[in-house]
Amino acid sequence: MKPEVLADAGAVARAAVDLIREVAGHSLAMRGVFRLVLAGGSTPGRAYEMLADTVTDWNGWQFYLGDERCLPVDHPERNSVMLRQTLFDQVAVTEEQLHMIPAELGAEMGAAAYEEEVRPALPFDLVLLGLGEDGHTASLFPGHEHPEDRLAVPVHHAPKPPPDRISLNYGALCSAGTVLFLVSGAGKHHALDRWQRQGDIPAARIQGRERTLLLADEAAMHG
Ligand code: 6PG
């Protein structure tokens with residue numbers, strides 16, 4: 001996977017916004033709906049703030065989430081809380097457009113409920129993903145295996161806290177026409193290097209049906 005290298009995290013977020021708007025325009029013109037899977041993490045968060053400032057018409061946008069942490073609904077470390085702060089509370093979207101993961105139900109029940117929610121939404125148009133320092137993406141961690149027939153899976157013993165999470169599974173993420181990875185910061189260098197050399201990290205298993213893009217900043221690229 002060859003990254004497109006940009007100067008810094010801000011440039012990565014700006015390029016992500018351009019790509020999101022491009023796929024949104026295409027999907028809305030073709031089908032009248034744009035199904036976007038959002039990622040947690042710091043680099044995507046910057047992109048959401050820029051997106052909130054750029055897009056004015058949100059009709060037809062449907063938002064899903066790649067993973068969530070099993071914490072109370074309003075916990076500051078929930079991905080959904082970050083999304084409300086950076087995007088949903090800033091723009092004109094309705095609750096019907098937001099398909100967050102009910103991780104407050106616990107990993108097993110929440111994953112089963114989210115599976116039913118995403119099934120009719122597949123295939124996604126665009127999936128955004130981050131990259132963890134150990135090569136994880138969404139909450140798909142190295143060494144964790146999940147049944148292939150599940151769209152959303154419970155995760156326990158995650159090496160990044162909290163240990164209990166819910167993640168979309170490989171197959172659901174790979175249903176997307178476009179998959180876009182956003183990677184910034186020197187801490188990601190090792191994972192990026194391993195991806196390019198050995199290709200055996202969870203992130204490497206996810207490809208879009210039409211294209212897979214990786215935007216990285218100089219720091220992530222060169223350490
Ligand atoms: C999570 C995220 C996770 C994240 C990566 C990168 O809930 O922890 O969804 O997959 O995207 O760990 O996170 P940063 O960009 O903050 O390093």
Side-chain angles (χ1 to χ4, degrees), residues 3 6 8-16 20 36-50 63-73 75-87 99-104 107 110-111 114 118 124 126-144 146 152-170 172-174 176 179-195 201-206 212-221 223:
L6 299 162
D8 53 24
V12 169
R14 268 191 300 282
I20 294 167
L36 171 62
V37 178
L38 299 167
S42 50
T43 318
R46 293 182 73 151
Y48 306 147
E49 286 170 350
M50 291 182 194
F63 300 93
Y64 296 83
L65 194 45
D67 72 320
E68 185 57 283
R69 299 149 180 207
C70 293
L71 298 167
V73 176
H75 195 287
E77 283 169 23
R78 287 271 297 230
N79 286 334
S80 57
V81 170
M82 181 275 273
L83 283 164
R84 285 197 184 277
Q85 288 165 349
T86 55
L87 182 58
H99 307 274
M100 299 295 99
I101 303 177
E104 64 281 2
Y114 203 52
V118 299
F124 297 123
L126 174 60
V127 166
L128 302 184
L129 291 169
L131 178 68
E133 295 177 5
D134 59 357
H136 79 259
T137 192
S139 283
L140 300 169
F141 289 90
H144 290 202
H146 304 288
V153 290
V155 176
H156 300 289
H157 312 293
K160 177 181 180 181
D164 291 345
R165 294 160 168 255
I166 294 168
S167 186
L168 287 183
N169 203 1
Y170 292 98
L173 295 169
C174 290
V179 170
L180 173 62
F181 286 92
L182 306 178
V183 184
S184 67
K188 306 298 170 70
H189 177 65
H190 178 72
L192 208 52
D193 194 48
R194 181 154 184 160
W195 190 348
I201 57 171
R205 292 169 61 180
I206 298 172
T212 311
L213 303 167
L214 168 54
L215 301 177
D217 72 353
E218 290 281 354
M221 194 61 196

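Ligands are counted one by one from 1 in listed order, and the atoms in each one are counted from 1 as well. For the numbers below, each heavy atom of this structure counts, side chains included, while hydrogens, waters and symmetry mates do not.
- The single protein non-hydrogen atom nearest to atom 17 (O) of ligand 1 is K188 NZ, 2.6 Å, given as residue, atom name and distance.
- Electrostatic pairing of E104 and R78 counts as a salt bridge here, judged by a charged N lying under 4.0 Å from a carboxylate O.
- Taking each heavy atom of L168 and V37 in turn, the nearest pair found is CD1-CG1, 4.0 Å.
- Taking distance alone, with nitrogen or oxygen atoms compared against 3.5 Å, N79 approaches ligand 1 more closely than that limit.
- Between atom OG of residue S139 and atom CZ of residue R165 there is a gap of 4.0 Å, rounded to the nearest 0.5 Å.
- By the 4.0 Å heavy-atom criterion, R165 is counted among the residues contacting ligand 1.
- Under 4.0 angstrom from ligand 1, there are no non-hydrogen atoms of S139.
- Other residues, nucleotides and ligands contribute at most 12 non-hydrogen atoms within 6.0 Å of the NE2 atom of H190.
- Residue D67 approaches ligand 1 through these ligand atoms, each under 4.0 Å from one of its heavy atoms: 1 (C), 2 (C), 7 (O), 9 (O).
- Residue-ligand proximity, G41 to ligand 1, at heavy-atom distances under 4.0 Å covers atoms 13 (O), 14 (P), 15 (O), 16 (O).
- In this structure, the protein non-hydrogen atom closest to atom 8 (O) of ligand 1 is R69 NH2, 2.7 Å.
- With a 4.0 Å cut-off on non-hydrogen atoms, A39 does not touch ligand 1 at all.
- Atoms of ligand 1 found under 4.0 Å from any heavy atom of H136 (numbered from 1 in listed order, with element): 3 (C), 5 (C), 10 (O), 12 (O).
- Of the polar atoms of G40, at least one N or O is found under 3.5 Å from an N or O of ligand 1, judged by distance alone.
- Every N/O-N/O distance between T137 and ligand 1 stays at or above 3.5 Å.
- Note that CG of L213 is 11.5 Å distant from CG of L129, once rounded to the nearest 0.5 Å.
- Inclusion of A138 in the set of residues having an N or O under 3.5 Å from an N or O of ligand 1 is warranted.
- Residue, atom and distance of the protein heavy atom nearest to atom 16 (O) of ligand 1 are S42 N, 2.9 Å.
- Of the protein's non-hydrogen atoms, the one nearest atom 6 (C) of ligand 1 is L131 O, 3.5 Å.
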